[in-house]
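Each remark here refers to the structure printed beneath this line.
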Amino acid sequence: MTTAQTLDFQAPSPSPLALLLLGREADPRSERGVECPGDLPAASDPDLVERARAAKAKLGDKVFVLGHHYQRDEVIEFADVTGDSFKLARDAAARPDAEYIVFCGVHFMAESADILTTADQQVVLPDLAAGCSMADMATAEQVAECWDVLTEAGVAGVTVPVSYMNSSADIKAFTGKHGGTICTSSNAERALNWAFEQGEKVLFLPDQHLGRNTAVRDMGMSLDDCVLYNPHKPGGGLTAEELRGAKMILWRGHCSVHGRFSLDSVNDVRERIPGVNVLVHPECRHEVVAAADYVGSTEYIIKTLEAAPAGSKWAIGTELNLVRRLANRFAGEGKEIVFLDKTVCFCSTMNRIDLPHLVWALESLAEGKVVNRIEVDPEVASFSKLALERMLALP
């Protein structure tokens, strides 16, 4: 396989047994099941493309559009910068002259942008329904109850909360208030090393897999050092003895997209494509990460493929929009890139940001009307920013 034509990305077949297009199927193999309301719409009307260009041109430097890597191509086309959630929030903070920040991502990302930007800037999320199932798996009330359980077990005083960037502003504020820090998938190990210098245990929120993979794969802990706190069970489903014996108290949350990749996916792709390199995100399950050749953040995945030699073969375990974009980007270099699994559900909430919503947001701003503004409560923002600043200060 040497030509770009032969390396065109082949998406999983849109059948009930393969590609789980939004709204068509549920995935019983996922940890919670993945139900995706609504089909992906057809290719955008060319009129919408022209309307988006016109509205963005009219706004000029007043608007700064951020596009997360998992967004559709039709949305990425209008992004001033692309990146992962924290990179985009920092990019927004670096543009204080932009009156409007249009965040093409999900709700927690827009919250982070509002926390890190100035009071004069207004953050807009084109569709307020663009949430994050992982972030929703930890509410402020649940985490407060968890802290009470840790207090009753006598371990709260030696426990440091570390929260993944993929969390609500309320959870970030809790983390800041209790002496903890935020982490990304790129710096989770540094964040945990810092936390263990402050205390004896870590409460890791809300993604169990990133916490477990970092502790065991990167830091040499054992699986026995980790316990799983289930907010839907009394006491988290754990005894006081289990809490006292653990180093990592993992919240029972996960990414519905990354959580569906399985060890079978890895074994199957190795059988189908001899010599393939398996590259996955650390939000994947522990057994998938252990079986992969390379593990890293979204930015790491992109950089690894950029540095990969021509003719190399890659199976990528992350969101399909990004995998397809990377496959098309590197086809001309002779790199064969496939999706790790045969079946997939797009990130349904991320896909809610489509061109019609973006056009509506931009045209409204061009007319002087701010829609879908994301505003974080000042006290919540203050403690959230404290946790984010601790992350920025990590060695």
Side-chain angles (χ1 to χ4, degrees), residues 66 68-70 81-94 105-106 108-109 111-113 115-116 132 134-135 138 159-169 171-176 178-199 201-221 225-226 247-251 253-255 258 279-284 286 289 292 294-304 306-307 317-318 322 383-395:
L66 308 173
H68 191 272
H69 286 308
Y70 297 167
V81 294
T82 59
D84 60 16
S85 58
F86 185 60
K87 176 183 180 296
L88 293 177
R90 293 189 71 181
D91 286 342
V106 294
F108 79 80
M109 301 177 187
E111 286 183 330
S112 297
I115 291 165
L116 293 174
C132 171
M134 180 198 297
T159 301
V160 178
V162 175
S163 293
Y164 190 21
M165 192 72 181
N166 298 28
S167 59
S168 69
I171 301 308
K172 290 183 177 72
F174 168 89
T175 305
H178 291 83
T181 186
I182 307 302
C183 76
T184 69
S185 52
S186 299
N187 67 9
E189 183 178 0
R190 280 188 289 150
L192 288 181
N193 280 325
W194 174 88
F196 280 113
E197 291 174 358
Q198 320 303 314
K201 305 175 186 294
V202 165
L203 171 64
F204 195 89
L205 301 154
D207 181 20
Q208 59 169 302
H209 298 308
L210 178 61
R212 183 182 294 107
N213 290 330
T214 305
V216 177
R217 179 182 182 273
D218 300 330
M219 299 177 65
M221 295 186 203
D225 291 322
C226 307
K247 293 183 180 178
M248 292 286 294
I249 303 167
L250 306 169
W251 192 265
H254 69 278
C255 169
H258 292 106
L279 170 58
V280 303
H281 195 282
E283 289 177 19
C284 293
H286 181 67
V289 165
Y294 301 89
V295 181
S297 67
T298 303
E299 296 291 341
Y300 172 86
I301 290 172
I302 295 171
K303 290 177 181 177
T304 299
E306 287 174 342
T318 192
L322 175 61
F383 282 112
S384 297
K385 191 171 184 180
L386 179 60
L388 288 166
E389 287 173 344
R390 288 194 186 113
M391 180 180 74
L392 294 174
L394 291 174

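As the structure is a computational prediction, the values presented were derived from the model and not from experiment. One is the number of the first residue; the rest follow in order along the sequence.
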Could you report the tightest heavy-atom contact between P282 and S185, atom names first, then the distance?
CG-CB, 3.9 Å

In terms of heavy-atom contacts, N166 and E283 come closest through ND2-OE2, 3.6 Å

Measure the shortest side-chain to side-chain distance between R390 and T175 over non-hydrogen atoms and say whether it is less than 4.5 angstrom.
no

Closer than 3.5 angstrom, by distance alone: can the side chain of S384 be matched with the main-chain N or O of A169 as a donor-acceptor pair?
yes

Check whether any side-chain heavy atom of Y70 lies under 4.5 Å from a side-chain heavy atom of V106, and answer yes or no.
no

Minimum side-chain heavy-atom gap M109-L88 below 4.5 Å
no

Calculate, to the nearest 0.5 Å, the distance between atoms CG and CG belonging to L394 and N193 respectively.
9.5 Å

Side chain proximity check, H258 to H209, heavy atoms < 4.5 angstrom:
no

What are the two closest non-hydrogen atoms of G179 and V160, and how far apart are they?
O-CG1, 3.9 Å

Only one of N213, D225, T214 clears side-chain contact (heavy atoms from CB on, under 4.5 Å) with M219; which?
T214

I'd like to know if the side chain of K172 and the backbone of L386 have a donor-acceptor N/O pair within less than 3.5 Å.
no

Please name the pair of heavy atoms, one in A135 and one in S168, separated by the smallest distance, quoted to 0.1 Å.
CB-N, 4.2 Å

Is there a side-chain contact between D84 and T184 (heavy atoms, below 4.5 Å)?
no

Report yes if some heavy atom in the side chain of Y164 is under 4.5 Å from a heavy atom in the side chain of P206; otherwise report no.
yes

CD1 on I182 to CG on L205, rounded to 0.5 Å
9.0 Å

What's the spacing between R212 CZ and H254 NE2 if we round to 0.5 Å?
12.0 Å

What's the separation between atom CZ in R190 and atom OG1 in T181, rounded to the nearest 0.5 Å?
10.0 Å

Please report the shortest heavy-atom distance between A191 and V162, naming the atom on each side.
CB-CG1, 4.3 Å

Do the non-hydrogen side-chain atoms of W194 and N187 ever get within less than 4.5 Å of each other?
no

Is there a side chain to side chain contact (heavy atoms under 4.5 Å, CB included) between I301 and H69? Walk through the geometry before answering.
CA-CA 11 Å; I301 290 172; H69 286 308; over 6 Å; no

So CG of L322 and NE2 of H281: to nearest 0.5 Å the spacing works out to 9.5 Å

More than 12 non-hydrogen atoms from neighbouring residues, nucleotides or ligands closer than 6.0 Å to CZ on R90, yes or no?
no

Taking atom NZ of K201 and atom CZ of F196, what is their separation to the nearest 0.5 Å?
9.0 Å

Can you name the closest pair of heavy atoms from I171 and S163 and give their distance?
CG2-OG, 3.6 Å

